[in-house]
Each structure stands twice: as structure tokens, then as C-alpha cells.
Amino acid sequence: MKLSSAAAVLLLLLLRLADSAPPPFSCDASDPKTQTFGFCKANLPIDERVHDLITRLTIDEKISQLVNSAPAIPRLGISAYEWWSEALHGVSGYGLGVSFNGTIKGATSFPQVILSASTFDSNLWYRIGQAIGKEARAMYNQGQVKGMAFWAPNVNIFRDPRWGRGHETPGEDPLVAGKYAVAFVRGIQGDNYNNDKVEGQENNNGILQASACCKHFTAYDLDNWKGVSRLGFDAKVTKQDLADTYQPPFKSCIQEGRASGIMCAYNRVNGVPNCADYDLLTKTARGEWGFQGYIVSDCNAVAVIHDVHKYAKLPEDAVADVLKAGMDVDCGSYLSTYTKSALEQKKMLESDIDRALHNLFSVQMRLGFFNGNPNTQPFGKIGPDQACTQEHQQLALEAAHNGIVLLKNSNNRLPLSKTSSLAVIGPNANNAYVLLGNYEGRPCKSVEVFRAIQSYAPNASYEGGCKDVNCAVADVASAVRTAKDADDVVLVMGLNYSLETEDHDRVDLVLPGQQEGLIRAVAAASKKPVVLVLICGGPVDVSFAKDDPKIGSILWAGYPGEAGGIALADILYGQHNPGGKLPVTWYPKDFIKVPMTDMRMRPDPSSGYPGRTYRFYNGPKVFEFGYGLSYTTHSYEFISSTPNTLHLNQLTPTSQTTNETNSLSVSKIGANNCEKLKFSTHVGVKNTGNMPGKHPVLIFVRHERNSNITGRPLKQLVGFESVSLNAGESGEIEFVLDPCEHLSTANEDGDMVIEEGYRYLVVEDKEYSINIVL
Ligand SMILES: *[C@@H]1O[C@H](CO)[C@@H](O)[C@H](O)[C@H]1NC(C)=O
Ligand SMILES: *[C@@H]1O[C@H](CO)[C@@H](O)[C@H](O)[C@H]1NC(C)=O
Ligand SMILES: *[C@@H]1O[C@H](CO)[C@@H](O)[C@H](O)[C@H]1NC(C)=O
Ligand SMILES: *[C@@H]1O[C@H](CO)[C@@H](O)[C@H](O)[C@H]1NC(C)=O
Ligand SMILES: *[C@@H]1O[C@H](CO)[C@@H](O)[C@H](O)[C@H]1NC(C)=O
């Protein structure tokens, strides 16, 4: 008895301790031996500290650090470090670094990235990143995070609508993905958004708030489609598509965002596994783009090089390949198992390990991990009250409010009137979890769509209609009965992130099971046209609903996060005016005849291949990229100060010619001249309706028809900016355009060139022509 009660007290004590465990850190000042270590001297340059540290390590200690769960080295006062933490749209328990078992029980769950993307609001993305970084630090300070490297953002291009992870990304456009990357990375890392890089003058004495990781490098956008797995997939990618589609988000993430991490992807690109690709990791990322940080493999991607790709003959070859290519840390245990034998077999040198360790310890030092007790440092003061603050939860609501897209609103069916009776139907109305999106954390709070709607319509009735989103059997009779009794009917349907997720691509683009039949039957039976709300990440072909006059309105809500139910209710009842725009093309269902494995962005008319995304695909669409309505209307105009002609011939004329006649190569124009060529265009926007609202304005560039470059985009997004206007109010937006970036085209060699001739700037129904003279 005594013993067991003592044990109980001990257990309680241990639990208390667990609740308030100190964060892991190295170089504890209270440990006298650390005073003598050069690597613990925070005032020395990081390179010097890292060098000092590496020279003290035995070969086994070195090898032990090459995996995500790096063990402690007690004799040197070095704590264990966990590299694998996740924070895609809020601090998440996926990975091994984060625990919600502690003082902090939840973290703000922002909308899944695809819905934040549809706000087209870089400043909002930045603030989301900042909030996530701060909550991560708060959890670290409570001992609930074992490593401050977070494997986000996912900035692969949403190339195919079936991709199971498309909703983790900012969509199909490389400019949007790049700008999202920059904003999110600077936010989470604690960097200033607008300041240009001043070496050693980042915020907080140069300490990173958290480390971001641009993933999955590169051309990764197929998970598991009809038995083709990402693990063994060899993506055949043209130089042209790499240059203007697959690489730009990573380039921005690294150059402008200054991300301190990259994850190399499972797949091969043109035969070479990404994590074993020296050209990609070392020449391009570190060499051309100036990447400073660590490169991690996707989990078990090193083993896959041997086991699945069969690219490496022996496990030791895989290890040598990745370390020589420039990868630094293995998510997995392959490197701890095979590095020693790879050395013994002389497949690599110890200096290959030192190179990797240099990057790994540098990032840990930039995170302050080697500066002693974090309590004494700037980020150490972020207390547990900084997670799930009102401000952060409000930000999650703002993101959901501004992301949700109004796809149809015939005869102003929305907003609803509070005085009408309401029936809510559908499996996604009664499920708070489905709102979060994958890589979710534990949210601060969660509110189902139906419960949120009840704050406007307390007497609303609810009927599931189907047991779950699979909707194998629909209870049409009950749903119709419930619908008939109400003035207004809102159907909350769609997918969930088991139907589109990691290792699982869709094989069709329609609503699952009996959903469509249920929606049609309810619509037909209802007194007035119904409202259809779609909770899903990737696009679905809802042409039937678009064309059905008994379906008055359609809202797409992505996976809108912990505040998504409230945001939807506010929009349904006109408390918020929706302004989001689609970040992906919604294709008709027969798009699935295109093999998902075909990576080509450009169409190939000879074989009937239609191309992909609004930039290249010219076939029928259910909804276009950039599409989205509002409860008000807007008019646009180009204000005349924009130049009509750009004379590039004033630039140093030597050696700028390319293979294509009448074009200039951007690399030969040079950064300085590109800077001089920048110009502004001003766009006037007027709210011509009778409701205030915020919405993004998208500016595209379209080329004149003739070109000597094959595979030029139909049009290309070159800028976006949100504007808030009251009814009747006008505003003006300035877009700064850089001809080298915005008016250039990738040729088949993957070089960016500027062709002479006309370009058209396009904002909604307005165009403005600019003549480029070489
Ligand atoms: C959380 O803590 C409880 C004890 O308080 C323990 O039983 C449980 O296993 C822990 N869960 C995780 C995921 O660590
Ligand atoms: C809800 O129903 C109750 C009783 O049926 C009624 O008194 C109340 O006015 C109704 N509220 C609304 C907002 O319709
Ligand atoms: C999606 O729905 C299916 C069918 O009900 C269910 O088994 C699965 O757990 C759901 N997944 C999520 C993430 O809600
Ligand atoms: C450009 O010229 C080089 C050699 O002169 C050739 O190898 C390359 O294929 C040419 N590129 C194009 C797009 O014609
Ligand atoms: C294409 O190249 C030819 C010369 O080979 C040139 O005369 C023509 O103007 C070019 N067309 C365009 C649109 O640049």
C-alpha cells in the first residue's frame, strides 16, 4: 500500500515535471566544462564555433548526428536534437518533435494552405507564419518541442487536380507559390518581411525564431496514383518546365525567403533521385541561389534510393551519393547504419560528413540552441500564454473569411436572411475535424459548421443525408423531408483528407458515392434554390451544380481551419463579404484521361495532350484559376501613367543575343540592368455595388500571338494585391513590374529571354498594351 501510494506520488511528480520540462539546449552555462568550449562562445562567428565543435567529435559521434533524431553527446554538454517537426498551417503533432502533452494543449489551426492561398494576400501569409513561429517557440520554451526545425512550407506546384497533397500547397501558379514561400518563411523564421537582407542583422540578434524548410525539392507532385508511387517515380521534366514552373517557388523560398532548410523529394527527376542530385542540391540551390542551411531527405528517401529506385547498388552507395550530392541529414536511420561502412569501403571521405555537420550545427546555432539556457535569450520570454491567443485565433478567422470562394450566386441567393427558417444537410456540416486539413495540430477550439450556423439560425434543423463523405448510401428521403420544411437549405458536402492525402491521389474528380444524387434531389424538392458548400482541398467537377438553376449558390471552403465553421456562417449570413479567388483550375471530370504521370506543363496538340494549369491548358474548365465572386461588384481601369513602349536597346548591346532572333537573354541583361528596367502600372478599382468588401486584384500578362519560342504560356500572373473598399469607394493599386521576371519567357533550353513585340497587361476585362523594342 505504502509503496504504491509512494509510487503514485512519484508518478504525479514525474507528470508535473513532464508538464514543465525545460527545453533542450546545449552549452549550459551552469556546467563548468562548457566554459572552455569554443563552440559555446555565442560571440564568436558561427563558422568558427561549428569548426571548433566538429574537430572535437569522434567519427561515431559525427555519424550519430546525420539522422533526424540526433542523440545527445553528454561529454560535450550537447543535447539530443530532433529535426522532424511539422507546422504546415499551425504547429502540428506530426513528426517527432512536438508534443501537445504539456502546459500548452493546443495551437492555432490556420486554414489548410490552399485556402490561405486563395486570399492572394502576402501580408496575411506573413502574419500566419509569424504566429506559427511564435507558438512554436512558446511550446519549445515549455519543453514540448524537441527541435525548432519545421518542415514547412510545401511549395510544389499543384500540377494535377488529383494530387492528394495539392491542398498542402499554395496552388498551381509559380508566382503565388513563390510569394507564399517568401512570406511564410520570413514570418516563421522571425525575419522582417520588407527589409532586404543585411548580413547579421536579422531580428533578435540574428537568432531564428524557427527554421523553415522548403519542400519537396523538386518536381514532386504525385503521391500514389493507380499503383504509381512517389517512392519509385521518375519524373520526366523538360528544362523549360523546370525553369518556369517547378523551380521558381524554391528559388524564391531560398533567395528571397532565406529559408534555412530544404527537403529533397523521394522521386527521381530525369533518372536521378533528388537527394542524390549534386546539380540540384549543390550547384543550383547552394551555388546559384546562395542557399545557406541544411538539406534533409524526405523520410526514408535515402533507403529508397537503394531499395526502390535501385539507383545505388549497395546501401553504402546510397549514403555516399547523398552526402556527396550535398544532402545533410537523413529522416530515417539509414545514415546511422551505413555511413561507417561507406567510409570503410572508401566510397566517401570523412570530409563529406564534416560538410554536412557544418550545415546542421550552423542551423542549430542560428536557432540559439548552442547559446545556453533559452530563458536568457530574446525568444525565451515567449510564455505559454502566447499560444492560442485571441489575436492568433482572430487571424485564423481572417484567413478563412478572406479565403473562402463564392463560385456561384444566382440572383443574389446569398446572403441568407436570419428571419427565414433553415435546414442544414450534409456529412461535413457536423464534423469539426474535417475543417482542419492534414498535418493538423490540436486546435485551440473547434466549431462545426452547423454549430456556427446556429448562432445565426438557432432553430436550424440538421440532417446528415449520408453517414460520411464516402456517401455509399444516401438517405435521400430524410434529407428531402428536412429540406421541404425550411425556407433555406444549405448543403455541406465535399471530401475529407483521407480521400485526398499523402500517399493517396484521387482517381476521379467527382463527389464521392451518392453525394451528387442527394444534392440534386434536395435541390429539386426545396422551396427555393439551395446553397452548396464544398469542403475539399482539390477541385471537384461540380458542373451539375453550376448548371442547375435549383442550386442558387456554391461556396468553396477548402479545409478552412479551426475558425472555418464560423467564417462560413458569417459569409452565409452576410456578416462577411467573400472575396477569395481560386488558386487552381477546376477541370472537367474527363481530365482524368490525362495520365497523372505526365509531367509536361505544355500541351502537345499532336497527341491530344492538353497541357496543365491556366498558363497552358486551353480546354474547357468548370472554374478558372483566379475566379471568385463577391456580394458586391467592381470595375477596373488602367491608369495611364504606365509606359506604352519599353526600349531595351539602351542596354549594353554586346553579347545579349540568344538563339532566338529578336530576343534578349535575361542572364545576359544582368541584375543591375533588370533593376533599371522596372516600371509601375497603376490600376484603379471601384466598388460599384452596395456592400463593403476586400478582394484581391490579379494582374496577368498575355503575349501577342507570334513567337519564335514554342510553349509560351497563354497568360501569366505577374502580380496580385488585396484591396478593401466600401460601397461606392474607389482605390488605386500600384504594381511594380520587372521585365526580366514578368515579361520574359523560358525557352526550351530553360533560359529566360525577353522577346520583342507586344505584351498585354490584363486585369479582369481590361487590357493595356506595351510594346517591347529591342
Ligand atoms: C500524454 O501524457 C499522458 C499522461 O499524462 C500519457 O498517458 C500519454 O501517453 C501521453 N501521450 C503522449 C502522446 O505522449
Ligand atoms: C425558434 O423557435 C422558438 C420556439 O419554437 C421560437 O420561440 C423562436 O422565435 C424561434 N427563433 C427564431 C430565430 O426563429
Ligand atoms: C474521411 O471519411 C472516412 C469515411 O467516413 C473516414 O473513414 C475517415 O476517417 C475520414 N477522414 C478524415 C480525415 O476525416
Ligand atoms: C542554342 O544553341 C546551342 C548551340 O549553339 C544549341 O546547343 C541549343 O540546342 C540551341 N537552343 C535552342 C533552343 O535552339
Ligand atoms: C522570329 O524570327 C524571325 C527570324 O528568324 C524574325 O524575322 C521574326 O521577327 C521573329 N518573330 C518574332 C515574333 O520574334
Side-chain angles (χ1 to χ4, degrees), residues 86-95 98 100 106-116 152 154 158 161-169 223-225 396 400 403-404 424-452 462-476 478-479 491-519 532-540 542 556-568:
E86 300 281 356
L88 181 65
H89 52 103
V91 180
S92 161
Y94 283 69
V98 173
F100 286 99
T108 311
S109 194
F110 294 94
Q112 179 61 301
V113 177
I114 195 74
L115 194 78
S116 291
N154 179 347
F158 196 164
R162 292 161 286 189
W163 185 27
R165 303 184 75 177
H167 51 91
E168 296 179 25
T169 78
D223 263 68
N224 195 336
W225 176 77
I404 292 169
V424 177
I425 291 167
N428 275 344
N430 215 9
N431 183 340
Y433 182 66
V434 76
L435 303 179
L436 300 180
N438 68 347
Y439 280 93
E440 75 283 11
R442 197 185 289 166
C444 308
K445 63 164 187 236
S446 34
V447 184
E448 299 81 359
V449 175
F450 180 60
R451 196 143 66 86
Y462 174 73
E463 184 67 44
C466 324
K467 180 164 72 58
D468 54 41
V469 283
N470 294 345
C471 203
V473 186
D475 186 354
V476 176
S478 306
L491 289 129
V492 187
M493 311 299 286
L495 308 173
N496 75 13
Y497 43 95
S498 300
L499 298 172
E500 44 174 350
T501 192
E502 191 155 2
D503 208 27
H504 184 85
D505 302 314
R506 283 184 289 161
V507 291
D508 62 44
L509 294 175
V510 293
L511 289 171
Q514 305 296 307
Q515 283 199 37
E516 181 176 326
L518 177 76
I519 296 166
L532 174 61
V533 174
L534 297 168
I535 308 279
C536 57
V540 281
V542 287
W556 173 69
Y559 297 114
E562 64 168 57
I566 296 167
L568 265 170

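This structure is a prediction, so every number in the text was calculated from the model and none was measured. All ligand and atom numbering here is 1-based and tracks the order in the structure.
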Check: Tyr497 N/O within less than 3.5 Å of ligand 3 N/O: no

Parallel, tilted or perpendicular: ring planes of Phe158 versus Trp163, cut at 30 and 60 degrees: perpendicular

Which atom of Lys445 lies closest to which atom of Ile566, heavy atoms considered: CE-CD1, 4.1 Å

Nearest candidate to atom 2 (O) of ligand 3, where distance is taken over non-hydrogen atoms, out of Leu495, Val469, Asn496: Asn496

Minimum heavy-atom distance Gly564-Ala400, with the two atoms named: CA-CB, 4.2 Å

Protein heavy atom at shortest distance from atom 11 (N) of ligand 3: Ser498 OG, 2.6 Å

Any N or O of Asp468 closer than 3.5 Å to N or O of ligand 3: yes

Test side chain to side chain contact (heavy atoms under 4.5 Å, CB included) applied to Val449 and Asn431, Asn428, Val533, Leu435, the passing residue: Leu435

Within reach of ligand 3, part of Asn470 (heavy-atom separation under 4.0 Å): side chain

Working for ring pair (Phe, Tyr, Trp, His ring centres under 6.0 Å), residues His167 and Tyr497: CA-CA 9 Å; His167 51 91; Tyr497 43 95; 7.1 Å; no

Polar proximity ligand 3 side, Tyr433 side, N/O cut 3.5 Å exclusive: no

Residue from Leu499, Leu495, Asn496 passing side chain to side chain contact (heavy atoms under 4.5 Å, CB included) with Cys536: Leu495

Heavy atom of protein closer than 4.0 angstrom to atom 7 (O) of ligand 3: no

